[in-house]
Amino acid sequence: MKDPAVEKEGGKDPMSIFNEMAKYGYEQLVFANDEASGLHAIIAIHDTTLGPALGGCRMWPYESEEDAIIDALRLARGMTYKTAAAGLDLGGGKAVIIGDPRKDKTETLLRAFGRFVETLKGRYITAEDVGICAEDVEIIRMETQHVVGLPRGPGAGGDPSPVTAYGVICGMRACLERVYGDGSLKGRSVAVQGVGNVGYCIVKHLSEGGAKVYVTDVFKEKIDRVVEDFGVLPVLPEEIYDIDCDVFCPCALGGVINAKTVTRLKCKIVAGSANNQLADECHGDALHDLGILYAPDYIINAGGVINVSEEICGYDREKAMGKAAWIYHRIKAVMDIAEEGGIPTHQAASLLAEERIAKIGRIHRIFVP
(Lines give C-alpha, C1' and ligand atoms only; values in the text may rest on other atoms or scores of the structure.)
Protein backbone atom coordinates (compact mmCIF):
# COMPACT_ATOMS: atom_id res chain seq x y z
CA MET A 1 0.00 0.00 0.00
CA LYS A 2 1.66 3.20 -1.13
CA ASP A 3 1.31 6.23 1.11
CA PRO A 4 -0.45 9.26 -0.31
CA ALA A 5 1.36 12.55 0.02
CA VAL A 6 0.15 16.08 -0.46
CA GLU A 7 2.27 18.71 -2.19
CA LYS A 8 4.04 21.02 0.23
CA GLU A 9 3.72 24.78 0.09
CA GLY A 10 5.32 26.16 -3.01
CA GLY A 11 4.32 23.10 -5.03
CA LYS A 12 3.50 23.62 -8.67
CA ASP A 13 -0.13 22.57 -8.48
CA PRO A 14 -2.27 24.35 -5.86
CA MET A 15 -5.06 21.80 -6.46
CA SER A 16 -2.78 18.76 -6.03
CA ILE A 17 -4.92 17.48 -3.18
CA PHE A 18 -7.62 16.54 -5.71
CA ASN A 19 -5.01 14.71 -7.77
CA GLU A 20 -3.98 12.75 -4.69
CA MET A 21 -7.59 11.93 -3.83
CA ALA A 22 -8.19 10.65 -7.35
CA LYS A 23 -4.91 8.74 -7.46
CA TYR A 24 -5.58 6.82 -4.26
CA GLY A 25 -9.36 6.55 -4.51
CA TYR A 26 -10.49 8.90 -1.75
CA GLU A 27 -14.18 9.66 -1.70
CA GLN A 28 -14.42 12.71 0.54
CA LEU A 29 -12.34 15.20 2.55
CA VAL A 30 -14.22 17.39 5.03
CA PHE A 31 -12.82 20.48 6.76
CA ALA A 32 -14.58 21.31 10.02
CA ASN A 33 -14.15 24.75 11.54
CA ASP A 34 -15.88 26.16 14.62
CA GLU A 35 -14.46 29.42 15.89
CA ALA A 36 -16.51 29.43 19.09
CA SER A 37 -14.84 26.25 20.34
CA GLY A 38 -11.56 26.62 18.49
CA LEU A 39 -12.19 23.42 16.52
CA HIS A 40 -10.09 22.89 13.41
CA ALA A 41 -10.62 19.33 12.21
CA ILE A 42 -10.31 17.25 9.07
CA ILE A 43 -12.35 14.13 8.27
CA ALA A 44 -11.09 11.90 5.47
CA ILE A 45 -13.27 9.17 3.97
CA HIS A 46 -11.26 6.84 1.77
CA ASP A 47 -13.51 3.97 0.63
CA THR A 48 -16.99 2.78 1.55
CA THR A 49 -17.21 -0.26 -0.76
CA LEU A 50 -17.51 -2.66 2.18
CA GLY A 51 -19.60 -0.38 4.40
CA PRO A 52 -19.51 2.94 6.26
CA ALA A 53 -16.06 4.39 6.92
CA LEU A 54 -14.80 3.59 10.40
CA GLY A 55 -11.78 5.26 11.97
CA GLY A 56 -10.80 7.03 15.15
CA CYS A 57 -10.29 10.72 15.81
CA ARG A 58 -6.74 11.84 16.55
CA MET A 59 -5.89 15.13 18.31
CA TRP A 60 -2.34 16.34 17.82
CA PRO A 61 -0.46 19.67 17.66
CA TYR A 62 0.49 19.38 13.99
CA GLU A 63 3.17 21.75 12.79
CA SER A 64 1.05 22.73 9.80
CA GLU A 65 -2.38 22.21 8.28
CA GLU A 66 -0.72 20.26 5.48
CA ASP A 67 0.75 17.83 7.96
CA ALA A 68 -2.73 17.31 9.43
CA ILE A 69 -4.22 16.67 5.98
CA ILE A 70 -1.49 14.18 5.11
CA ASP A 71 -2.00 12.34 8.39
CA ALA A 72 -5.77 12.17 7.92
CA LEU A 73 -5.41 10.85 4.37
CA ARG A 74 -2.78 8.25 5.26
CA LEU A 75 -4.71 7.04 8.29
CA ALA A 76 -8.03 6.85 6.42
CA ARG A 77 -6.56 4.73 3.65
CA GLY A 78 -4.88 2.55 6.22
CA MET A 79 -8.28 1.97 7.84
CA THR A 80 -9.73 0.79 4.54
CA TYR A 81 -7.03 -1.85 4.29
CA LYS A 82 -7.31 -2.72 7.98
CA THR A 83 -11.07 -3.32 7.98
CA ALA A 84 -10.91 -5.22 4.69
CA ALA A 85 -8.08 -7.48 5.82
CA ALA A 86 -9.81 -8.05 9.16
CA GLY A 87 -12.90 -9.36 7.35
CA LEU A 88 -15.15 -6.53 8.54
CA ASP A 89 -18.02 -5.05 6.52
CA LEU A 90 -16.69 -1.54 6.97
CA GLY A 91 -14.74 1.02 4.97
CA GLY A 92 -11.96 3.34 6.00
CA GLY A 93 -11.98 6.87 7.36
CA LYS A 94 -10.17 9.02 9.89
CA ALA A 95 -10.46 12.36 11.62
CA VAL A 96 -7.79 14.64 13.02
CA ILE A 97 -8.23 17.64 15.29
CA ILE A 98 -5.44 20.19 15.20
CA GLY A 99 -4.45 21.07 18.76
CA ASP A 100 -2.65 19.96 21.89
CA PRO A 101 -4.93 17.50 23.74
CA ARG A 102 -3.29 18.46 27.03
CA LYS A 103 -4.15 22.14 26.64
CA ASP A 104 -6.78 22.67 23.94
CA LYS A 105 -9.27 19.87 24.47
CA THR A 106 -12.60 21.01 25.94
CA GLU A 107 -16.16 19.72 26.10
CA THR A 108 -17.22 22.51 23.76
CA LEU A 109 -14.62 21.49 21.16
CA LEU A 110 -15.49 17.79 21.36
CA ARG A 111 -19.20 18.44 21.03
CA ALA A 112 -18.58 20.70 18.04
CA PHE A 113 -16.63 17.85 16.44
CA GLY A 114 -19.53 15.50 17.17
CA ARG A 115 -21.93 17.80 15.36
CA PHE A 116 -19.75 17.73 12.27
CA VAL A 117 -19.63 13.93 12.37
CA GLU A 118 -23.43 13.90 12.55
CA THR A 119 -23.68 15.94 9.33
CA LEU A 120 -22.16 12.99 7.45
CA LYS A 121 -25.25 10.89 8.30
CA GLY A 122 -23.38 7.69 9.08
CA ARG A 123 -20.92 7.69 6.19
CA TYR A 124 -18.20 8.10 8.82
CA ILE A 125 -18.15 6.44 12.26
CA THR A 126 -15.64 7.90 14.70
CA ALA A 127 -13.84 6.48 17.74
CA GLU A 128 -10.84 7.24 19.94
CA ASP A 129 -7.26 7.56 18.77
CA VAL A 130 -4.11 9.35 19.90
CA GLY A 131 -5.07 12.32 22.07
CA ILE A 132 -8.71 11.23 22.36
CA CYS A 133 -9.73 8.91 25.20
CA ALA A 134 -12.85 6.87 25.92
CA GLU A 135 -14.26 9.61 28.13
CA ASP A 136 -13.90 12.06 25.24
CA VAL A 137 -15.87 9.64 23.07
CA GLU A 138 -18.73 9.86 25.57
CA ILE A 139 -18.81 13.62 25.08
CA ILE A 140 -18.77 13.28 21.29
CA ARG A 141 -21.66 10.81 21.66
CA MET A 142 -23.81 13.65 23.03
CA GLU A 143 -23.97 15.09 19.52
CA THR A 144 -23.88 12.02 17.25
CA GLN A 145 -24.91 8.37 17.23
CA HIS A 146 -22.12 7.58 14.78
CA VAL A 147 -19.44 6.83 17.36
CA VAL A 148 -18.02 3.65 18.88
CA GLY A 149 -15.52 2.87 21.60
CA LEU A 150 -17.75 3.95 24.46
CA PRO A 151 -16.31 3.21 27.92
CA ARG A 152 -19.58 2.31 29.63
CA GLY A 153 -23.32 1.87 29.19
CA PRO A 154 -25.47 -0.56 27.17
CA GLY A 155 -23.59 -1.96 24.19
CA ALA A 156 -20.34 -0.23 25.13
CA GLY A 157 -17.11 -2.04 24.32
CA GLY A 158 -14.98 -0.07 26.73
CA ASP A 159 -11.32 0.66 26.18
CA PRO A 160 -10.20 -1.20 23.00
CA SER A 161 -6.53 -1.06 24.02
CA PRO A 162 -6.46 -4.51 25.68
CA VAL A 163 -7.97 -6.12 22.57
CA THR A 164 -5.52 -4.29 20.29
CA ALA A 165 -2.62 -5.41 22.47
CA TYR A 166 -3.85 -9.01 22.53
CA GLY A 167 -4.04 -9.04 18.73
CA VAL A 168 -0.50 -7.66 18.47
CA ILE A 169 0.79 -10.39 20.77
CA CYS A 170 -1.01 -13.03 18.69
CA GLY A 171 0.57 -11.64 15.52
CA MET A 172 3.97 -11.39 17.19
CA ARG A 173 3.77 -15.06 18.17
CA ALA A 174 3.11 -15.97 14.52
CA CYS A 175 6.22 -14.03 13.51
CA LEU A 176 8.36 -15.62 16.22
CA GLU A 177 7.15 -19.04 15.11
CA ARG A 178 8.11 -18.31 11.50
CA VAL A 179 11.56 -16.90 12.34
CA TYR A 180 12.59 -19.06 15.30
CA GLY A 181 10.33 -22.10 14.97
CA ASP A 182 8.70 -21.34 18.34
CA GLY A 183 6.05 -18.74 19.10
CA SER A 184 6.82 -18.55 22.80
CA LEU A 185 7.64 -15.16 24.33
CA LYS A 186 9.82 -16.72 27.02
CA GLY A 187 13.42 -15.60 26.74
CA ARG A 188 12.75 -13.35 23.77
CA SER A 189 13.84 -9.70 23.84
CA VAL A 190 11.44 -6.98 22.70
CA ALA A 191 12.02 -3.22 22.36
CA VAL A 192 8.71 -1.37 22.81
CA GLN A 193 8.53 2.17 21.48
CA GLY A 194 5.62 4.01 23.11
CA VAL A 195 3.91 2.81 26.28
CA GLY A 196 0.55 4.54 26.17
CA ASN A 197 -2.65 2.54 26.62
CA VAL A 198 -1.88 -0.12 24.01
CA GLY A 199 1.86 -0.19 24.63
CA TYR A 200 1.28 -0.65 28.34
CA CYS A 201 -0.95 -3.68 27.71
CA ILE A 202 1.59 -5.15 25.30
CA VAL A 203 4.34 -4.77 27.89
CA LYS A 204 2.10 -6.55 30.40
CA HIS A 205 1.65 -9.53 28.05
CA LEU A 206 5.37 -9.63 27.25
CA SER A 207 6.41 -9.52 30.88
CA GLU A 208 3.92 -12.19 31.89
CA GLY A 209 5.17 -14.31 28.98
CA GLY A 210 8.75 -14.18 30.22
CA ALA A 211 10.21 -11.79 27.64
CA LYS A 212 13.02 -9.33 28.31
CA VAL A 213 11.47 -5.94 27.59
CA TYR A 214 13.03 -2.56 26.79
CA VAL A 215 10.72 0.46 26.80
CA THR A 216 10.74 4.09 25.83
CA ASP A 217 8.31 6.97 25.44
CA VAL A 218 8.44 10.73 24.94
CA PHE A 219 6.61 11.11 28.25
CA LYS A 220 8.77 10.13 31.22
CA GLU A 221 5.81 9.43 33.50
CA LYS A 222 4.65 6.66 31.16
CA ILE A 223 8.07 5.03 31.25
CA ASP A 224 8.16 5.29 35.03
CA ARG A 225 4.78 3.57 35.26
CA VAL A 226 5.70 0.45 33.27
CA VAL A 227 9.11 0.22 34.92
CA GLU A 228 7.45 0.26 38.33
CA ASP A 229 4.67 -2.15 37.36
CA PHE A 230 6.68 -4.71 35.38
CA GLY A 231 10.36 -4.16 36.12
CA VAL A 232 11.23 -3.57 32.45
CA LEU A 233 14.32 -1.77 31.18
CA PRO A 234 13.98 1.93 30.24
CA VAL A 235 15.95 3.54 27.41
CA LEU A 236 15.98 7.01 25.89
CA PRO A 237 13.64 7.57 22.92
CA GLU A 238 16.43 7.92 20.36
CA GLU A 239 18.22 4.81 21.64
CA ILE A 240 15.35 2.38 21.07
CA TYR A 241 16.36 1.76 17.43
CA ASP A 242 19.80 0.56 18.47
CA ILE A 243 18.68 -2.12 20.94
CA ASP A 244 19.91 -5.60 20.04
CA CYS A 245 16.64 -7.56 20.30
CA ASP A 246 14.44 -10.18 18.68
CA VAL A 247 11.49 -7.85 18.09
CA PHE A 248 11.16 -4.12 17.59
CA CYS A 249 7.62 -3.18 18.66
CA PRO A 250 6.58 0.36 17.55
CA CYS A 251 3.51 1.53 19.48
CA ALA A 252 3.69 5.32 19.08
CA LEU A 253 3.13 7.53 16.03
CA GLY A 254 3.73 6.53 12.42
CA GLY A 255 6.68 6.91 10.09
CA VAL A 256 9.21 5.47 12.55
CA ILE A 257 10.63 3.05 9.98
CA ASN A 258 12.37 5.52 7.69
CA ALA A 259 15.63 6.23 5.90
CA LYS A 260 17.33 7.30 9.13
CA THR A 261 16.19 4.38 11.29
CA VAL A 262 15.78 1.28 9.13
CA THR A 263 19.50 0.44 8.97
CA ARG A 264 19.91 1.00 12.70
CA LEU A 265 17.51 -1.79 13.66
CA LYS A 266 19.15 -4.81 15.28
CA CYS A 267 16.16 -7.16 15.26
CA LYS A 268 14.70 -10.01 13.25
CA ILE A 269 11.07 -8.90 13.50
CA VAL A 270 9.12 -5.62 13.46
CA ALA A 271 5.71 -6.14 15.06
CA GLY A 272 3.85 -3.35 16.85
CA SER A 273 0.59 -1.48 17.22
CA ALA A 274 1.45 1.89 15.64
CA ASN A 275 -0.33 2.93 12.46
CA ASN A 276 1.62 3.77 9.29
CA GLN A 277 4.91 2.46 10.67
CA LEU A 278 6.60 2.71 7.27
CA ALA A 279 7.41 6.28 6.28
CA ASP A 280 7.29 5.07 2.68
CA GLU A 281 6.69 1.80 0.89
CA CYS A 282 10.39 1.61 0.02
CA HIS A 283 11.19 1.17 3.71
CA GLY A 284 9.14 -2.03 3.72
CA ASP A 285 11.31 -3.17 0.82
CA ALA A 286 14.38 -2.21 2.86
CA LEU A 287 13.25 -4.34 5.82
CA HIS A 288 12.74 -7.25 3.42
CA ASP A 289 16.21 -6.79 1.94
CA LEU A 290 17.73 -6.67 5.44
CA GLY A 291 16.08 -9.97 6.32
CA ILE A 292 13.77 -8.39 8.90
CA LEU A 293 10.25 -9.81 9.00
CA TYR A 294 7.68 -7.01 9.09
CA ALA A 295 4.19 -7.67 10.44
CA PRO A 296 2.11 -5.15 8.43
CA ASP A 297 0.69 -2.63 10.89
CA TYR A 298 -2.93 -2.65 9.77
CA ILE A 299 -3.04 -6.45 9.99
CA ILE A 300 -1.43 -6.90 13.39
CA ASN A 301 -3.09 -3.92 15.11
CA ALA A 302 -6.63 -4.69 13.92
CA GLY A 303 -7.78 -5.79 17.39
CA GLY A 304 -8.93 -2.28 18.22
CA VAL A 305 -11.11 -1.86 15.16
CA ILE A 306 -12.45 -5.39 15.65
CA ASN A 307 -13.39 -4.46 19.20
CA VAL A 308 -15.20 -1.22 18.39
CA SER A 309 -16.92 -2.71 15.34
CA GLU A 310 -18.63 -5.18 17.66
CA GLU A 311 -20.54 -2.24 19.19
CA ILE A 312 -22.36 -1.59 15.93
CA CYS A 313 -24.41 -4.81 16.19
CA GLY A 314 -24.25 -5.44 19.94
CA TYR A 315 -21.05 -5.79 21.91
CA ASP A 316 -19.69 -9.13 23.11
CA ARG A 317 -16.18 -9.02 24.63
CA GLU A 318 -15.58 -12.73 24.29
CA LYS A 319 -16.50 -12.57 20.61
CA ALA A 320 -14.19 -9.58 20.09
CA MET A 321 -11.27 -11.38 21.72
CA GLY A 322 -11.96 -14.45 19.61
CA LYS A 323 -11.84 -12.42 16.42
CA ALA A 324 -8.65 -10.69 17.58
CA ALA A 325 -7.03 -14.08 18.13
CA TRP A 326 -7.44 -14.73 14.40
CA ILE A 327 -4.79 -12.06 13.75
CA TYR A 328 -2.33 -14.90 14.35
CA HIS A 329 -3.74 -16.69 11.28
CA ARG A 330 -3.96 -13.52 9.17
CA ILE A 331 -0.30 -12.73 9.81
CA LYS A 332 0.55 -16.30 8.82
CA ALA A 333 -1.52 -15.90 5.63
CA VAL A 334 0.34 -12.69 4.78
CA MET A 335 3.69 -14.39 5.35
CA ASP A 336 2.62 -17.29 3.13
CA ILE A 337 1.58 -14.96 0.31
CA ALA A 338 4.89 -13.10 0.64
CA GLU A 339 6.94 -16.29 0.54
CA GLU A 340 5.03 -17.78 -2.37
CA GLY A 341 5.29 -14.58 -4.39
CA GLY A 342 8.81 -13.65 -3.34
CA ILE A 343 7.55 -10.23 -2.24
CA PRO A 344 7.79 -8.17 0.97
CA THR A 345 5.04 -8.68 3.55
CA HIS A 346 3.66 -5.15 3.18
CA GLN A 347 2.91 -5.88 -0.46
CA ALA A 348 1.36 -9.22 0.45
CA ALA A 349 -0.91 -7.52 2.98
CA SER A 350 -2.09 -5.07 0.34
CA LEU A 351 -2.95 -7.93 -2.01
CA LEU A 352 -4.97 -9.62 0.73
CA ALA A 353 -7.03 -6.48 1.42
CA GLU A 354 -7.40 -5.33 -2.19
CA GLU A 355 -8.65 -8.74 -3.31
CA ARG A 356 -11.53 -8.62 -0.82
CA ILE A 357 -12.47 -5.03 -1.72
CA ALA A 358 -12.40 -5.89 -5.42
CA LYS A 359 -14.60 -8.97 -4.94
CA ILE A 360 -17.23 -7.09 -2.95
CA GLY A 361 -17.05 -4.19 -5.40
CA ARG A 362 -17.83 -6.56 -8.26
CA ILE A 363 -20.80 -7.96 -6.35
CA HIS A 364 -22.11 -4.41 -5.81
CA ARG A 365 -21.82 -3.63 -9.52
CA ILE A 366 -23.70 -6.83 -10.40
CA PHE A 367 -26.54 -6.59 -7.89
CA VAL A 368 -27.00 -2.89 -7.13
CA PRO A 369 -28.99 -1.05 -9.86
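Note that this is a predicted model, so its numbers are computed, not measured.
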Interatomic distance, I42 atom CD1 to D71 atom CG [nearest 0.5 angstrom]: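 It is 9.0 Å, given to the nearest 0.5 Å.
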Side-chain contact, heavy-atom cut-off 4.5 Å: [X] with [Y]?
X	Y	result
D280	N258	no
P162	R317	yes
R188	Y180	yes
C57	E128	no
L253	R58	yes
I240	F248	yes
L278	Y294	yes
L29	I43	no

Qualifying ring pair (Phe, Tyr, Trp, His ring centres under 6.0 Å) pairs, either residue in residues 182-235, two or more places apart: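 Pairs touching residues 182-235 that pass the test: Y200-F230.
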Check: Y241/Q193 side-chain N/O donor and acceptor closer than 3.5 Å: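 Yes.
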Distance-only side-chain donor-acceptor flag, D182 / S184, under 3.5 Å: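 On atom types as modelled, these side chains do not qualify, holding no pair under 3.5 Å.
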Over 12 non-hydrogen atoms of neighbours within 6.0 angstrom of NZ in K266: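 Yes, the 6.0 Å shell around NZ holds more than 12 heavy atoms from other groups.
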Atom CD of E135: over 12 foreign heavy atoms under 6.0 Å: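 Counting neighbours around CD of E135, more than 12 heavy atoms of other residues, nucleotides or ligands fall under 6.0 Å, so yes.
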Stepwise side-chain contact (heavy atoms from CB on, under 4.5 Å) check, M172 with I331: CA-CA 9 Å; M172 189 183 296; I331 289 292; over 6 Å; no
Stepwise side-chain hydrogen bond (donor to acceptor under 3.5 Å, both in side chains) test for K323 and N307: CA-CA 9 Å; K323 286 185 177 181; N307 186 72; over 6 Å; no
Parallel, tilted or perpendicular, as decided by the 30° and 60° cut-offs, for the rings of Y26 and Y24: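 Ring orientation, 0 to 90° scale: perpendicular.
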